[in-house]
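Notes follow once the structure below has been shown.
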Amino acid sequence: MFSSRPRHWLTAVGAALALLATAACSGSGSGGQSGAGADVAKKDRYGGTLNIGLSADPGGVDAAVVNQVWRTVARALADSLVFYNPETKKVEPWLATSWTVSKDARTYAFELRDDVTFHDGTKLTAKVVKANLESLNRPGIHSSAKTIVQGISKITTPSEHKITVEFAEPNAAFLTSLSRAYVGIVSQKTAELPVEKRQKWLDGSGPFYLEEYTPNQRIVLKKRKDYDWAPKYFEHQGSAYLDEVVYKIIPEDSVRNGAVIGDDELQFIYWVNAKYVTQLKSAGLTISKTLNPATGLELPLNTSSRFLKDVRVRQALQIGVDREQFVKIASGGVDQPATGPLSKDNPYYSDQSKLLKYDAKKAKSLLEQAGWTRTGSDGIRRNADGERLSLRAPRDDASLQVLQDQWKKLGIELVLDPPLAAEANEALLSGKYDVAYWYASSPDPDVLRANYGTTDGSDRSFVADDDKTGKELDKLLQEQNQTIDKDERQALVDQASRILVDQAYEVPVSNDVDIWAHSPRLHDITPVGLDQYLINAWLAKK
């Protein structure tokens, strides 16, 4: 999946520097009850409509089909087999009460709850789960969802509530991957729908059901009164407190902000632009920040590019990024400078900060060593053949403009040349660009294999067959997904992370932090990773 975070970056680089003094905000939520509302008895929390502002229509309601809706609507409609606890960073029961994993990470056996129903009244069974997993491998399904189920060799249902999934090759990431909304379990009828219809309708077992979806206007969810199978993490069983949730599409930041400040039209917005945080906080809104547990902004470098075959040029790009300055300008200091290929919130985070230290002098020296010794009147370096050191990137926004400015100081031109939206994936995957971009959100290190693996992965760096270091990297990336021993897996991830950074197959730039803002009347809206969970959310009476 190539997917950019839909949050609005600061658009004026110069003006952004004025935001460096942005006030610190409150931390992210948890499964417990908020202090401000803890005195309100649970019986008094029921009722009300939560209105949530979205900056754009998600393009559908099924996370298996479209991007980004997994953070919001889809998470409220469909439950997962397992739950990823963001505090313990462990997988816990949800629709599956227990499971076993073979030592070779090839066989997963699940025991399902026997009391779960979908909104259409049908029951959760092993056969329904089997139909779900099989449906995700169809053409047109979101590539992230498809990646999770690829490699399955056999699915058996020995009883009504037991299911066994076998892989041809070890897949240590499978259990964590099942916690993602991409593989939220839907009814048999929904699983069998054509892909295009799944974007418009979803019948899951979540605490809410879909009442209405009017594209570019609103999405309405209603509470399921019979819901009683939330993960224990939320410390709340039974139906959700809220009666109704309405997502309203309001593209303009100023209009959306005004609506939540007044509380009458909206009580919650997210993907808040950093430049509005002070204003929203001053207006009495509660601000929370959530660190992406996967990566953030990372740039795969195309090693088949005639300029980037030379590792010295790639390394110059790597240490030519001033990440501290980048996050201050691009996100007002909200995001975090990358210190490795994985976020610090990933359970297999690997600190490679020493290799990412900004060093413009060394970067220029590396370029000189690579033959880029002359500089033209335009400030761009040239080699002995008179070629300009000019690279193409498939995106044009404030974040890439910051990098464009930083690399120009080294004598490198970065041309921002985004493809048409309809051609984006094909253009990016074809290797037409020297510098690409990537964004992942799964709290598992296997996102590195998915992106940079060559034997089994997307090979975003276009590693050549004679690249011995690239082959060593691929071996490590494959092996980390073949062991369930945490220490052994961590050691493999550490080695792979070091190679990724040292050889500059990718440039980790920043780890993004999602900003949420909501009315003080809204309590216990809970982020789990970047996902938005509503089972605990409740509105205090006016």
Side-chain angles (χ1 to χ4, degrees), residues 1 3-8 28-29 49-80 83-84 86 142 144-145 179-184 186 198-224 230 234 240-242 244-251 253 256 259-260 265-273 288-290 292-294 439 441-442 512-519 522 524-537 539:
M1 173 186 73
S3 171
S4 62
R5 181 171 49 157
R7 191 175 104 185
H8 294 172
S28 60
T49 297
L50 171 62
N51 296 286
I52 300 176
L54 295 179
S55 60
D57 187 281
V61 295
D62 187 355
V65 179
V66 296
N67 279 330
Q68 304 301 341
V69 74
W70 50 264
R71 299 173 184 240
T72 55
V73 178
R75 192 65 287 178
L77 295 175
D79 302 320
S80 295
F83 177 77
Y84 178 79
H142 196 292
S144 294
S179 70
R180 310 297 295 142
Y182 313 135
V183 280
V186 296
R198 288 182 61 154
Q199 298 184 49
K200 301 173 183 175
W201 178 255
L202 190 157
D203 188 359
S205 65
F208 295 88
Y209 66 91
L210 182 65
E211 171 76 5
E212 172 192 342
Y213 173 35
T214 305
N216 297 311
Q217 293 185 32
R218 67 178 195 165
I219 303 169
V220 180
L221 312 183
K222 295 283 190 179
K223 176 171 71 175
R224 278 194 63 182
F234 295 107
Y241 291 121
L242 296 166
E244 184 182 57
V245 179
V246 180
Y247 290 90
K248 299 182 179 180
I249 316 303
I250 305 176
D253 284 346
R256 207 165 55 254
V260 75
E265 184 174 358
L266 298 177
Q267 292 81 43
F268 180 89
I269 57 174
Y270 67 143
W271 293 327
V272 174
N273 190 313
S288 73
K289 299 176 181 178
T290 303
N292 185 337
Y439 177 85
S441 61
S442 178
D512 58 279
V513 175
D514 272 13
I515 306 174
W516 295 4
H518 60 81
S519 161
L522 177 60
D524 301 322
I525 189 164
T526 309
V528 175
L530 302 179
D531 298 0
Q532 176 192 106
Y533 283 78
L534 301 176
I535 182 66
N536 256 1
L539 284 165

Between R256 and L54, is there a donor-acceptor pair closer than 3.5 Å when you use the side chain of the first and the backbone of the second? no
V513 and T290, any side-chain heavy atoms less than 4.5 Å apart: no
Side-chain touch I250/I269, heavy atoms, less than 4.5 angstrom: no
Taking all non-hydrogen atoms of both residues into account, name the closest pair between S441 and Y182 and its distance. OG-OH, 3.5 Å
Can you find a heavy atom in the side chain of K223 that is under 4.5 Å from one in the side chain of L242? no
What closest approach, in Å, do A78 and L202 show between heavy atoms, and which atom pair accounts for it? CB-CD2, 4.2 Å
Starting at CH2 of W70, measure out to CG of D531 and round the result to the nearest 0.5 Å. 5.5 Å
If I take atom CH2 from residue W516 and atom OG1 from residue T526, how far apart are they, to the nearest 0.5 angstrom? 7.5 Å
Determine the minimum heavy-atom distance between L77 and F208, stating which atoms define it. CD2-O, 3.4 Å
Nearest 0.5 Å, what's the CD-CG distance between Q217 and D57? 9.5 Å
Taking atom types as modelled, is there a side-chain donor on T49 or E244 under 3.5 Å from an acceptor on the other? yes
Which residues pass the side chain to side chain donor-acceptor pair (under 3.5 Å) test with S205, sequence neighbours left out? D79
Nearest 0.5 Å, what's the CD-CD1 distance between Q267 and I52? 9.0 Å
Would you check if Y247 and L221 make a side-chain contact, meaning some heavy-atom pair closer than 4.5 Å? yes
Can you name the nearest heavy-atom pair linking Y213 to I219, along with the distance? CD1-CG1, 3.4 Å
Find the distance between CD1 (I525) and CD (Q532) and round it off to the nearest 0.5 Å. 4.5 Å
Just how far is it from atom CG of N273 to atom CG of D253, taken to the nearest 0.5 Å? 6.0 Å
Is any side-chain heavy atom of L539 closer than 4.5 Å to one of Y241? no
Could you pull out all residues at least two apart from E212 that satisfy side chain to side chain donor-acceptor pair (under 3.5 Å)? T214, R218
Test item: N536 side-chain N/O and D524 main-chain N/O as donor-acceptor pair under 3.5 Å: no
Could you report the tightest heavy-atom contact between A537 and L522, atom names first, then the distance? CB-CD1, 4.2 Å
Flag side-chain contact, heavy atom, 4.5 Å: R75 against V528: no
Are F268 and V260 packed together at the side-chain level, in the sense that at least one heavy-atom pair is separated by less than 4.5 angstrom? no
For Y84, ring-ring contact (aromatic ring centres under 6.0 Å, His included) partners two or more places apart: none
Would you call the rings of Y533 and F83 parallel, tilted or perpendicular, taking 30° and 60° as the class edges? perpendicular
Give the minimum heavy-atom separation between P207 and A240, together with the two atoms involved. CB-CB, 4.4 Å
